[in-house]
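In what follows, a single structure is set out as structure tokens and then discussed.
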Amino acid sequence: MTLSWWLALAGGVLIGLSATLLLWLNGRIAGVSGIVNGVLLPRAGEVSWRVAFLVGLVAAGGLYMAFVPGAPLPRTDFPRAGLVVAGLLVGFGTRMGNGCTSGHGVCGLGRLSVRSLVAVATFMATAIASTFAVRHLWGWP
Amino acid sequence: MKLGIRAALAAGALFGFGLAMSGMTDPRRVLGFLDLFGNFDPTLALVLGGAVTTTALLFRPVLRRGRPVLASAFQLSSLNHVDRQLLGGAALFGVGWGLAGYCPGPALAGLGILSTEALWFVPAMLAGALLHRLFNRA
């Protein structure tokens with residue numbers, strides 16, 4: 001196994017540990033789309049812990065990428081129209097389906113939820129189809 | 001700062017750190033996995049594998065406590081049926097994910113480094129969420 005594979009596994013474990021921490025201490029599911037939505041459409045008592053979680057995520061992720069040598073950096077050249085369309089689909093879809101890769105994937109599967117298993121299978125399938133269509137049928141970007 | 005806020009901050013930081021360490025913050029790696037028929041990159045499977053193994057092992061003992069440490073009750077989704085909303089929503093999310101290679105977590109982490117792609121994707125993602133709310137009020 002290469003270094004990047006070890007880092008992938010280790011990073012995944014840390015993600016799992018963070019979800020465990022949030023559940024154990026705060027009693028909440030670390031589903032990023034749900035956490036974001038609770039800030040976007042705020043209800044009393046539901047905002048501060050979410051803002052704190054997101055600030056931690058953004059800050060730690062940013063600091064890691066900025067200062068750790070060899071840290072994978074985000075891509076910079078994807079067409080903006082594609083980013084907007086993708087963002088709209090992800091934003092809409094995660095609300096409609098009530099979860100994303102962290103909510104249904106990391107947490108839902110960890111809870112052995114059948115609903116999340118179905119969600120994960122579904123979004124994996126359409127994601128793979130989407131990538132295939134865009135890259136190989138359409139030859140885009 | 002209240003203890004619960006500090007705990008959430010710490011959990012978020014661990015999450016962001018793990019995301020960046022795992023390489024999922026680079027959408028090319030994510031797409032490398034989703035592109036089964038192209039230059040296949042198994043990284044995503046390793047990340048998800050590590051994460052789900054961890055939660056599958058640790059969630060049950062945590063939940064068996066009966067309540068969280070800093071709150072009065074666990075707030076878990078009580079939904080347990082598969083319906084059109086779940087299937088449709090997951091399907092749409094997947095299409096968007098497979099298009100640009102971003103899901104919410106990595107996109108937000110990108111904001112931490114002022115990634116230009118994140119600066120386009122995240123507002124659109126928020127707009128999509130608001131659109132869903134709009135359609136649901138009707």
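The figures that follow rest on heavy atoms only: side chains count, while hydrogens, waters and symmetry mates do not.
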Requested in this report: Spell out, as yes or no, whether a donor-acceptor pair under 3.5 Å connects the side chain of A/T131 to the backbone of B/G98.
Outcome: yes
Using residues 48-57 of chain A as the side-chain source, report each donor-acceptor pair under 3.5 Å to any protein atom, sequence neighbours left out, with the distance given to one decimal.
{"residue": "A/R50", "atom": "NE", "partner": "A/E46", "partner atom": "O", "Å": "2.6"}
{"residue": "A/R50", "atom": "NH1", "partner": "A/G34", "partner atom": "O", "Å": "2.9"}
{"residue": "A/R50", "atom": "NH2", "partner": "A/E46", "partner atom": "OE1", "Å": "2.7"}

Query raised in the report: Using non-hydrogen atoms only, which part of A/A71 is less than 4.5 Å away from chain B: side chain, backbone, both, or neither?
Result: neither
Query raised in the report: Which region of A/V13, side chain (C-beta onward) or backbone (N, CA, C, O), has a non-hydrogen atom less than 4.5 Å from a non-hydrogen atom of chain B, or is it both or neither?
Result: both
Report summary line: Heavy-atom closest pair (B/F37 atom, A/H136 atom, distance to 0.1 Å) is C-NE2, 4.3 Å
Query - Atom CZ of B/R60 with >12 non-hydrogen neighbours under 6.0 angstrom - result: no
Requested in this report: Grab the two heavy atoms, one from B/H81 and one from A/R115, that are nearest each other, plus how far apart they are.
Outcome: O-NH1, 2.9 Å
Query - Contact origin within A/A119 toward chain B - heavy atom pairs under 4.5 Å - result: both
Report task. Work out which heavy atom in A/L14 is nearest to a heavy atom in B/G18; give both atom names and the distance. Result -> CB-CA, 3.9 Å
Query raised in the report: Which bit of B/R6 comes within less than 4.5 Å of chain A, counting heavy atoms only: side chain, backbone, both or neither?
Result: neither
Report task. Could you check B/I113, B/T116, B/D26 and say which one makes a side-chain contact (heavy atoms from CB on, under 4.5 Å) with A/P74? Result -> B/I113
Query raised in the report: What part of A/R135 lies closer than 4.5 angstrom to a heavy atom of chain B: side chain, backbone, both or neither?
Result: side chain
Report task. Counting only heavy atoms closer than 4.5 Å, note whether B/L57 contacts chain A via side chain, backbone, both or neither. Result -> neither
Requested in this report: Check each atom of A/F132 against the heavy atoms of chain B and say whether the ones under 4.5 Å are side chain, backbone, both or neither.
Outcome: side chain
Query - Heavy-atom contact with chain A under 4.5 Å, split by part of B/P106 - result: neither
Query raised in the report: Picking from B/A56, B/A100, B/A109, which has the most non-hydrogen pairs under 4.5 angstrom with chain A?
Result: B/A100
**Report entry** Per-residue contact mode, A/S113 against chain B (heavy atom under 4.5 angstrom)
**Finding:** neither
Report task. Pick one of side chain, backbone, both or neither for A/V134, based on which atoms fall under 4.5 Å of a heavy atom in chain B. Result -> side chain
Requested in this report: Write down the atom of A/V90, the atom of B/P104, and the distance for their closest heavy-atom approach.
Outcome: CG1-CD, 3.9 Å
Query raised in the report: When heavy-atom pairs shorter than 4.5 Å are enumerated against chain B, which of A/V32, A/L21, A/L23, A/V106 gives the highest number?
Result: A/L23
Report summary line: When the 4.5 angstrom heavy-atom criterion is applied to B/N80 and chain A, the contacting part is backbone
Query - Heavy-atom pair with the smallest gap, counting every atom of A/S130 and B/G94 - result: CB-O, 4.2 Å
Query raised in the report: Shortest non-hydrogen contact from B/V95 to A/T126?
Result: N-OG1, 3.5 Å
Query raised in the report: Pick from B/G38, B/S115, B/A124: which one has the most heavy-atom pairs with chain A under 4.5 Å?
Result: B/A124
Query raised in the report: What part of A/I35 gets closer than 4.5 Å to chain B, counting heavy atoms only: side chain, backbone, both or neither?
Result: neither
Requested in this report: Could you tell me which portion of A/N98 (side chain, backbone, both or neither) has an atom closer than 4.5 angstrom to a non-hydrogen atom of chain B?
Outcome: side chain
